[in-house]
**Q** 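Provided herewith is a single structure, encoded as C-alpha cells, for subsequent inquiry.
Numbered from 1 within each chain, the chains take letters A, B, ... in sequence-line order.
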There are 2 protein chains.
Amino acid sequence: MTDDIDQVLITALMDDSRLSLKALAQISGLSSPSVAERLRRLEERGVLKGYTVEIDPKCFGYQLQAIVRIRPLPGQLQEVERQIQAIPEFTECDKVTGDDCFIARLHVRSMEQLDTLLDRLNTHAETNTAIVKKTPVKRRLPPMA
Amino acid sequence: MTDDIDQVLITALMDDSRLSLKALAQISGLSSPSVAERLRRLEERGVLKGYTVEIDPKCFGYQLQAIVRIRPLPGQLQEVERQIQAIPEFTECDKVTGDDCFIARLHVRSMEQLDTLLDRLNTHAETNTAIVKKTPVKRRLPPMA
DNA sequence: AGCACTTGGTCGATGTCATCGGTCATGGTG
DNA sequence: CACCATGACCGATGACATCGACCAAGTGCT
C-alpha cells in the first residue's frame, strides 16, 4: 500500500514540505510527474492529511507553555469541552480515558494570564497544571516500517 | 515586528504550506517577490521554524494513541529521558514541573505493544497512561494579536 | 499460452511560477 | 533639509509543474 518510495517522500516532506516536485523526484529517484501522482494518491487515501508550518509561539509573546489535565465537575463535560475549544490559547486537546477527561496544551504570555484562563475553567472543572520546562522530544513520526 | 500581512501569510501557510508565492501574493495583496522576502525574514527571525506535513498514524497501523505521564525513580531521570528519546513510538515529550517529570505522547499498534513499551520504562520509572479517545482540539495556533 | 486491461512509470512540450536586478516611495535621523 | 534604510513594485529570464502521449510490467481471463 505505502511502499519505500512513499516513505522517502513522506520523510522528506516532514523535513521540508515546500520541497519542489523536482527536488522530491531527485530524492526518490522518480520523475516529477510520478512524484506528483504519488502525492495525489497519498492525499486521496488520507495518509497525507495536510501541509503545515511550525511557528515559534515565543515570537508572539507566549513565554509559558503548560499541560493541563482537566476533570469536569459532574454534568459539566459538554460545557467544559466547548469552553476548551472556545479558548484559543488551548492549542491542542485530547479526550482520554481515566480520571482526567481532557489533557490539553496551553500557551500563555504570563502567569497572570494562566491564572485568568484556568479560573474560567474552574467553575466547571478541576484542573491540574504542569508547566513545560523543556521539550526532550519534538514532534516526530513513529516508525513507518 | 510581525504585522498584519505576516499574520495573514502565517495563517495561510498553516492551512497549506505548499501554497505558491503567487497564491500567497494574491491572498496578502502583495507581489510575489515581496512575499518571498517576508518569508525569508520570518524564517531568519525564527518565527517560521519549519514547513512540515501532517500524516495519519492510523495508516501505518497505529490504532492507539496514549498520553503517558512518567515519574522516574530516584536517580533515574537522565536514563528515563534517554529511553524516551530512544523509543520512536514516543512522538512528542515535554519535561514539566510537578510530580510527573515527563508527559509524552505514544503511538502503538496494539495493547500488547503498549504493554511491552511501558514495561521497558517501568524498570526506571512509574508511569500513568491515558488512552486518547478523541481529539476535540486539533493542533492550532494561539492568537497572534 | 496468449491477449487485453490496469497500473505506474518516462519523456517532451507548454504554460506558469520563482527569482533577480533595477527602480521608486516612504519614513526616520543627523 | 538631505540622507539613508526599508520595503515595496515591475519586467526579464530561467526553473518548474503539468499535461498528453506513450511504454513496460504484472494480472486475470479465455
**Q** Could you check which of C/dT19, C/dT10, D/dT18 has an atom nearest any side-chain atom of B/Ala36?
**A** C/dT19
**Q** Show me the donor-acceptor pairs within less than 3.5 Å that the side chains of residues 49-60 of chain B make with the rest of the protein, sequence neighbours left out.
**A**
unit_1, atom_1, unit_2, atom_2, d
B/Tyr51, OH, B/Glu43, OE2, 2.5
B/Thr52, OG1, A/Met14, O, 3.0
B/Asp56, OD1, B/Lys58, N, 3.0

**Q** Please check the phosphate of C/dT10 (OP1 and OP2 only) for any side-chain N or O of A/Ser34 closer than 4.0 Å.
**A** yes
**Q** Locate the shortest heavy-atom distance separating A/Ala25 from A/Val35; write the atom from each residue and the value.
**A** CA-CG2, 3.6 Å
**Q** Of the residues in residues 40-52 of chain B, which ones touch DNA chain D at a heavy-atom distance under 4.0 Å?
**A**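 Correct list: B/Arg41.
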**Q** For A/Arg40, is there an ion pair with A/Glu37 - N to carboxylate O distance below 4.0 angstrom?
**A** yes
**Q** Using the side-chain contact (heavy atoms from CB on, under 4.5 Å) criterion, which residues pair with B/Ser110? Sequence neighbours excluded.
**A**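 Result, side-chain contact (heavy atoms from CB on, under 4.5 Å) vs B/Ser110: B/Glu112, B/Gln113.
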**Q** Which donor-acceptor pairs under 3.5 Å do the side chains of residues 136-145 of chain A make with protein atoms, sequence neighbours left out?
**A**
unit_1, atom_1, unit_2, atom_2, d
A/Lys138, NZ, A/Thr135, O, 3.3
A/Arg140, NE, B/Phe90, O, 2.8
A/Arg140, NH1, B/Gln85, O, 3.1
A/Arg140, NH2, B/Ile84, O, 3.4
A/Arg140, NH2, B/Gln85, O, 3.2
A/Arg140, NH2, B/Ile87, O, 2.8
A/Arg140, NH2, B/Phe90, O, 2.9

**Q** With salt bridge (Lys or Arg N to Asp or Glu O under 4.0 Å) as the rule and sequence neighbours excluded, what pairs involving residues 81-94 of chain B come up?
**A** A/Arg105-B/Glu92, A/Arg105-B/Asp94, A/Lys134-B/Glu81, B/Glu79-B/Arg82, B/Glu92-B/Arg105
**Q** Can you give me every donor-acceptor pair (side chain of residues 63-75 of chain A, partner residue at least two apart or in another chain, under 3.5 Å) with its distance?
**A**
unit_1, atom_1, unit_2, atom_2, d
A/Arg69, NE, A/Asp100, OD2, 2.8
A/Arg69, NH1, B/Asp100, OD2, 3.3

**Q** Shared ILVMFWY cluster between B/Leu106 and B/Val96, side chains joined below 4.5 angstrom?
**A**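 No, because B/Leu106 and B/Val96 fall into different hydrophobic clusters, even though each may have its own neighbours under 4.5 Å.
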**Q** Please check: side-chain N/O of A/Asn122 versus main-chain N/O of A/Leu118, any donor-acceptor pairing under 3.5 Å?
**A**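 Such a contact is found between A/Asn122 side chain and A/Leu118 backbone.
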**Q** Is there a residue in residues 11-30 of chain A whose heavy atoms reach under 4.0 Å of DNA chain D, and which residues are they?
**A** A/Ser20, A/Leu21, A/Lys22
**Q** For A/Ile5 and C/dT7, give me the distance from atom CD1 to atom C1', rounded to whole Å.
**A**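 Interatomic distance, CD1 of A/Ile5 to C1' of C/dT7: 14 Å.
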**Q** Could you tell me how far apart B/Arg38 (CZ) and D/dG7 (P) are, to the nearest whole angstrom?
**A**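 Distance, rounded to whole Å: 8 Å.
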**Q** Could you list, one pair per line, each protein nitrogen or oxygen that sits under 3.5 Å from a nitrogen or oxygen of nucleotides 21-25 of chain D, together with the distance?
**A**
none

**Q** Please report, rounded to the nearest Å, how far the C1' atom of D/dT18 is from the CD atom of A/Glu37.
**A**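 So the two atoms are 12 Å apart, to the nearest Å.
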**Q** Suppose we screen for side-chain contact (heavy atoms from CB on, under 4.5 Å). Which residues come up paired with B/Thr116, at least two apart in sequence or across chains?
**A** none
**Q** Tabulate below the donor-acceptor pairs under 3.5 Å that side-chain atoms of residues 3-10 of chain B make, not counting sequence neighbours, or state none.
**A**
unit_1, atom_1, unit_2, atom_2, d
B/Asp3, OD1, B/Ile5, N, 3.2
B/Asp3, OD1, B/Asp6, N, 3.0
B/Asp3, OD1, B/Arg38, NH1, 2.9
B/Asp3, OD2, B/Arg38, NH1, 3.3
B/Asp3, OD2, B/Arg38, NH2, 3.1
B/Asp6, OD1, B/Arg38, NH1, 2.9

**Q** Is there a donor-acceptor pair closer than 3.5 Å between any side-chain N or O of A/Ser28 and the backbone N or O of A/Leu24?
**A** yes
**Q** Please write out the pairs of protein N or O atoms and N or O atoms of nucleotides 23-27 of chain C separated by less than 3.5 Å, giving the distance to one decimal.
**A**
none

**Q** With A/Ser20, which residues qualify under side-chain contact (heavy atoms from CB on, under 4.5 Å), at least two apart?
**A**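 For A/Ser20, the residues satisfying side-chain contact (heavy atoms from CB on, under 4.5 Å) (neighbours in sequence not counted) are A/Lys22, A/Ala23.
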